[in-house]
Trainee: 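Quick one: the structure is below, and I'll ask about it shortly.
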Number of protein chains: 2
Amino acid sequence: MISHKIVPNISVDCVVFGFDFEKLNVLLVKREMIDEKSGKALISDHTLAGYHIFDDEDLDSAAARILKGLTGLDNIFLEQFGAFGQLDRVSSPKDKMWLEYINQGFADRIVTVGYLALIDNTKVTLTLKDRDVSWFPVSMIAEMEMAFDHKFLFYRALEALQRKVKVEPIAFELLPDYFTLSQLQKLYEALLGTSFDKRNFRKKVAQMHYVIPLKKKQQGVPHKPAQFYLFSREVYEKTRKGRISFII
Amino acid sequence: MISHKIVPNISVDCVVFGFDFEKLNVLLVKREMIDEKSGKALISDHTLAGYHIFDDEDLDSAAARILKGLTGLDNIFLEQFGAFGQLDRVSSPKDKMWLEYINQGFADRIVTVGYLALIDNTKVTLTLKDRDVSWFPVSMIAEMEMAFDHKFLFYRALEALQRKVKVEPIAFELLPDYFTLSQLQKLYEALLGTSFDKRNFRKKVAQMHYVIPLKKKQQGVPHKPAQFYLFSREVYEKTRKGRISFII
DNA sequence: ATTTCTTGGTGTATATTATACACAAAGATA
DNA sequence: TATCTTTGTGTATAATATACACCAAGAAAT
């Protein structure tokens, strides 16, 4: 049954995180409502990557489809972080303007399913330019104008990410295949908003036998080159103890 | 806007857990399709507590409403554990029979939002009898006939429960207000399928200052009476360290 | 009154893990 | 050759986890 009809009432929104070796970023889509006479933007804001689902696809597939459309990438790490009724969140005058503007029979969304996506920055930089899509530091979201309940969704995603990162080795999804221990440490510091002692952090990583040192070293850096490491999910699955605490 | 129309496409299912001081149980609703001529049951199975949502209510409210209808209780611990597309799960011949039988325009559910409920057994025993609702040991679910994707949902709920119980003090929701340390230990053992050393378990609980000993003791037990304890969420919120590991 | 039964309640020694802390080495650049 | 920046390493102390066995309290039976 290949019907491909849009399902009313339900939408999927993806909160896409990236890491630039300094800080955590989110992918947002900018949109503007242009006044036809003056040609100027009447209102503008940012949205998450979201769309309705089709009636012949799974929720996970819908999220993957949306992300593929936005970044050109397949096989992105995706995890649901919640479903939200949203009746009482479409409340600002601005939101109502948007609804009138975009309403094509689909505006009566009742439930939004939120997905958390982690992507390796080094793999997308090229594909982005031609769209009104760009990275924003997570620290900047508080002051941004965002559509509907998207700021709320963003913070729920961030909370979910911070929770999960302590318990599962998903942070590696934000790094390239080869990474240094300093990069890994900076990533965890950016994710959790803390800082770690270098020696103790490395001691902890040394116990994770699924973080494997390579023979390769950094090249062309103006200082002592660091060793590269690799995350092996295979080794992780085999050697995971019943432990809970991951980092920290 | 009080419209109270049923929202198509979306349903809420609650997986209700209870603890009888021995093992973990789930609340299931039995249903039968009766043949009008012979008066015999053609097919029968068990379902979770579920229903559609109304367009003027939140997801959480819908789940609470469904549970109130089933148990008569308000203020039940409820937490979402996921949203699921279910297109490809309504596949058995039996499921199709059911769909024809109950179809009243609502059968085309696309998304089910799953809720995990924890209830204090001692507070519901009375209200149940008059319905086809009863407790089943979690260990028995594997062999049971369940509707649609409900068995799948049950296991997802169980996984979520086992995950959360290690990280947050939600297990207390399954116990009466006053409980003994042995009851608490048995609960964790039932939840996680492990067993703990009594002395070490109690040492761990002693560090949780939000598990507070009372002056009351058990009465009428044919052995040394145990001291009662109380869980204080207030103290928990104030004294929680950044720690992750809860029990284990 | 004494015995028996069942569950409650406790401490110590050892191993493991977490924390705090400072300096030399590698390579690029000037 | 000196300077700069980041890498990479060890040890001592505190805190936490684990393994393990016996007496105490009360009810029930004799």
Side-chain angles (χ1 to χ4, degrees), chain A residues 19-23 166-167 175-176 178-190 192 194-230 239-248, chain B residues 19-23 166-167 175-176 178-190 192 194-230 239-248:
Chain A
F19 179 62
D20 57 13
F21 300 119
E22 287 296 331
K23 57 195 169 351
K166 290 179 192 164
V167 159
L175 290 173
Y178 300 164
F179 52 86
T180 72
L181 292 186
S182 298
Q183 289 169 348
L184 186 63
Q185 182 174 346
K186 264 192 189 149
L187 171 57
Y188 272 99
E189 290 174 341
L192 299 173
T194 50
S195 68
F196 299 104
D197 175 83
K198 205 208 304 189
R199 281 179 284 191
N200 292 338
F201 182 85
R202 288 160 113 95
K203 228 180 291 173
K204 195 123 191 186
V205 175
Q207 291 165 215
M208 305 174 183
H209 299 301
Y210 44 87
V211 179
I212 302 168
L214 301 174
K215 279 162 196 157
K216 278 178 80 172
K217 285 191 173 189
Q218 270 183 325
Q219 288 185 339
V221 283
H223 55 74
K224 177 171 176 179
Q227 190 168 27
F228 281 118
Y229 285 75
L230 165 72
T239 64
R240 57 143 108 226
K241 307 171 192 170
R243 307 240 137 246
I244 300 160
S245 164
F246 189 67
I247 286 282
I248 275 190
Chain B
F19 178 62
D20 58 11
F21 301 119
E22 286 297 330
K23 56 193 171 355
K166 290 179 191 166
V167 159
L175 290 174
Y178 300 164
F179 52 86
T180 71
L181 293 186
S182 298
Q183 288 168 348
L184 186 63
Q185 180 173 348
K186 264 192 189 149
L187 171 56
Y188 273 99
E189 290 175 340
L192 299 173
T194 51
S195 67
F196 299 105
D197 176 83
K198 204 208 306 189
R199 280 180 284 191
N200 293 337
F201 182 86
R202 289 162 112 95
K203 228 181 289 174
K204 195 124 192 187
V205 174
Q207 291 163 214
M208 306 174 183
H209 299 302
Y210 43 88
V211 179
I212 302 168
L214 301 174
K215 278 163 198 159
K216 279 179 79 172
K217 286 193 173 189
Q218 272 183 325
Q219 288 185 340
V221 285
H223 53 74
K224 177 172 175 178
Q227 189 166 27
F228 280 118
Y229 286 74
L230 165 72
T239 63
R240 57 143 108 225
K241 309 172 192 172
R243 308 238 136 246
I244 301 162
S245 165
F246 188 67
I247 286 281
I248 274 192

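In what follows, chains are A, B, ... by sequence order, proteins preceding strands, each numbered from 1.
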Trainee: Give a yes or no on whether the backbone of A/Thr180 and the side-chain of A/Gln227 come within a donor-acceptor separation of less than 3.5 Å.
Mentor: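 No; zero donor-acceptor contacts below 3.5 Å.
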
Trainee: Could you state the atom-to-atom distance from CZ of B/Phe201 to P of C/dT10 in whole Å?
Mentor: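 It works out to 15 Å between those atoms.
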
Trainee: Please report the shortest heavy-atom distance between B/Gln183 and B/Phe19, naming the atom on each side.
Mentor: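 Heavy atoms only, the tightest pair is O-CE2, 3.9 Å.
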
Trainee: What integer distance in Å separates A/Gln227:CD from C/dA25:P?
Mentor: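 Taking CD of A/Gln227 and P of C/dA25, I get 18 Å after rounding.
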
Trainee: B/Lys198 has an atom NZ; how far is it from atom P of C/dT7, in whole Å?
Mentor: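 The distance from NZ of B/Lys198 to P of C/dT7 comes to 10 Å, rounded to the nearest Å.
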
Trainee: Looking at every non-hydrogen atom in both residues, tell me the closest pair between A/Pro213 and A/Val211 and how far apart they are.
Mentor: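 So the minimum-distance heavy-atom pair works out to CD-O, 3.8 Å.
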
Trainee: Calculate the interatomic distance between A/Lys204 atom NZ and C/dT19 atom P; express it in whole Å.
Mentor: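 Checked: the NZ to P distance equals 7 Å.
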
Trainee: Along DNA chain D, 5' to 3', what are the outermost nucleotides having an atom less than 4.0 Å from a heavy atom of chain B?
Mentor: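 So the contact region on DNA chain D extends D/dA17 to D/dA27.
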
Trainee: Which heavy atom of B/Lys166 sits nearest to which heavy atom of B/Leu192, and what is that distance?
Mentor: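 So the minimum-distance heavy-atom pair works out to CE-CD2, 3.8 Å.
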
Trainee: Taking all non-hydrogen atoms of both residues, which atom of B/Leu181 and which atom of B/Phe201 are closest, and how far apart?
Mentor: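 Taking every non-hydrogen atom into account, O-CE2, 4.0 Å.
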
Trainee: Take atom CZ of A/Phe196 and atom P of C/dC21, then tell me their distance rounded to the nearest Å.
Mentor: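 In whole Å, C/dC21 P and A/Phe196 CZ are 17 Å from each other.
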
Trainee: Calculate the interatomic distance between A/Asn200 atom CG and C/dA18 atom P; express it in whole Å.
Mentor: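 Going from A/Asn200 (CG) to C/dA18 (P), I get 10 Å.
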
Trainee: Give me each pair satisfying salt bridge (Lys or Arg N to Asp or Glu O under 4.0 Å) with a member in residues 178-189 of chain B, each pair once, sequence neighbours excluded.
Mentor: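 Qualifying pairs: B/Glu22-B/Lys186.
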
Trainee: Contact class for B/Ser182 vs. all strands (heavy atom < 4.0 Å): base, sugar-phosphate, or nothing?
Mentor: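 Sugar-phosphate only.
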
Trainee: Which parts of residues 211-225 of chain A get close to DNA chain D, meaning a heavy atom less than 4.0 angstrom away?
Mentor: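 Contacting residues: A/His223, A/Lys224, A/Pro225.
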
Trainee: Looking at every heavy atom in both A/Phe196 and A/Gln185, which two are closest together, and how far apart are they?
Mentor: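 What the structure gives for the nearest pair is O-NE2, 2.9 Å.
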
Trainee: Check the angle between the aromatic planes of A/Phe246 and A/Tyr210 and answer parallel, tilted or perpendicular using the 30° and 60° thresholds.
Mentor: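 Parallel: the ring planes of A/Phe246 and A/Tyr210 meet at under 30°.
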
Trainee: What integer distance in Å separates B/Lys241:NZ from C/dA18:P?
Mentor: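 B/Lys241 atom NZ is separated from C/dA18 atom P by 14 Å.
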
Trainee: If each of A/Arg199 and B/Tyr229 is mapped to the nucleotide of DNA chain C with the nearest heavy atom, which maps nearer the 5' terminus, i.e. the 5' end?
Mentor: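 Mapping each residue to its closest nucleotide by heavy atoms, the 5'-most match is B/Tyr229.
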
Trainee: Side chains of A/Tyr229 and A/Val205: does their closest heavy-atom pair fall under 4.5 Å?
Mentor: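 The answer is no; the side chains never approach within 4.5 Å.
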
Trainee: Separation of B/Lys203 atom NZ from C/dG11 atom C1', in whole Å?
Mentor: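 Spelled out: NZ on B/Lys203 to C1' on C/dG11 is 8 Å.
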
